[in-house]
Amino acid sequence: MRITCPICGERDRREFYYVGDAVALSRPDPDDGDIAWDDYVHNRDNPAGVTRDLWYHEGGCGAWLVVTRNTVTHEVLQTELASDAKEAMA
Amino acid sequence: MAEMNAKSPCDGLLPIAAGDVHLSEIPMTLMTSISPFKGQTAALSEALKAAHGMALPAPNRATGRDGARVVWIGREQVMLIGPEPAASLEAHGALTDQSDAWAVVRLYGEGAEDVLARLVPVDLRAAVFKRGHTVRTMLQHMSVSITRVGDSAFQIMAFRSMAKTLVHEVETAMKGVAARDAS
Ligand SMILES: [Zn+2]
């Protein structure tokens, strides 16, 4: 598997550290209540198909990335800097 | 009072050679990481040019020459190697002295590319990785910075604590390449 870092270019998967669902970019406000926080901390979808995950280019430039990939076909569909993804959500 | 002696990271380990490939330590010098403040990238580049005659390198690039280089080492971060950083840089970025934190070696000679091909998951052949190109990548399991500094010469930087591992890994690959060439 190869992932294209927006900064470094196409690199071997072993340079990247998998962090988890990109839901971490959507942290609830402190006073959003127990249900929102319970959902944010504990509940994850586990789709056979397209997922959006955070990866860390640990063995490269050190950027945090959002990688969109398909868990069935192993296709990597898109990579973007997490900072860009977060700004786009604002 | 105790006598303090500077000891380089690869002291007692280098230089070594196998076949036509050599690995030597680059003498310790000043190393200063520079991270541009937000929106200050162009101004920092101008300040670097004015003070040290080298522009701020783009990602995956290095500027300068032996004795005075600026090497891109990560997102929004470069390493000034050699000169004492000018005070004029401080208005445009965060400067951190890293002089004793890194082991810096030079791998050179015909076949240096073949040695790195055994260790690094990035294509470093001259056709795609030219003089002035640099990468942050892995050498086996170690985080490194590799820069092409000559037609068949590379600068490799690893964390100082990994100096012995760095030498061991590169030496093993050098011997492997030399044995294959000899057979
Ligand atoms: Zn990267």
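Lettering of chains follows the sequences in order, A, B, ..., and the numbering in each one begins at 1. Remember, predicted model here, so these are calculated numbers, not experimental data.
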### Message
Checking A:Arg11 against B:Val135 for the side chain to side chain contact (heavy atoms under 4.5 Å, CB included) test, could you report, in this order, the C-alpha distance in whole Å, the side-chain angles of both residues, the deciding distance, and whether it holds?
### Response
CA-CA 11 Å; A:Arg11 293 295 185 86; B:Val135 283; 3.4 Å; yes

### Message
Under a 3.5 Å distance rule, please check whether A:Asp12 uses its side chain to pair with a backbone N or O of B:Val120 as donor and acceptor.
### Response
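Not confirmed, A:Asp12 side chain does not pair with B:Val120 backbone.
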
Counting heavy atoms not belonging to [X], are there more than 12 under 6.0 Å from its [atom1]?
{"X": "A:Tyr18", "atom1": "OH", "answer": "yes"}
{"X": "B:Glu110", "atom1": "CD", "answer": "no"}
{"X": "A:Arg2", "atom1": "CZ", "answer": "yes"}
{"X": "B:Lys175", "atom1": "NZ", "answer": "no"}
{"X": "A:Arg44", "atom1": "CZ", "answer": "yes"}
{"X": "A:Asp45", "atom1": "CG", "answer": "no"}

### Distance-only side-chain donor-acceptor flag, B:Arg75 / A:Ser83, under 3.5 Å
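There is such a pair between these side chains.
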
### Side chains of A:Glu58 and B:Ser143, donor plus acceptor under 3.5 Å
no

### Task
Enter the distance from A:Cys61:SG to B:Ile73:CD1 here, rounded to the nearest 0.5 Å.
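Output value for this atom pair is 11.5 Å.
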
#### Entry: Approximate separation, where rounding is to 0.5 Å, of A:His57 NE2 and B:Thr137 OG1
7.0 Å

### Message
Is the shortest side-chain heavy-atom distance between B:Arg136 and A:Ile7 below 4.5 Å?
### Response
no

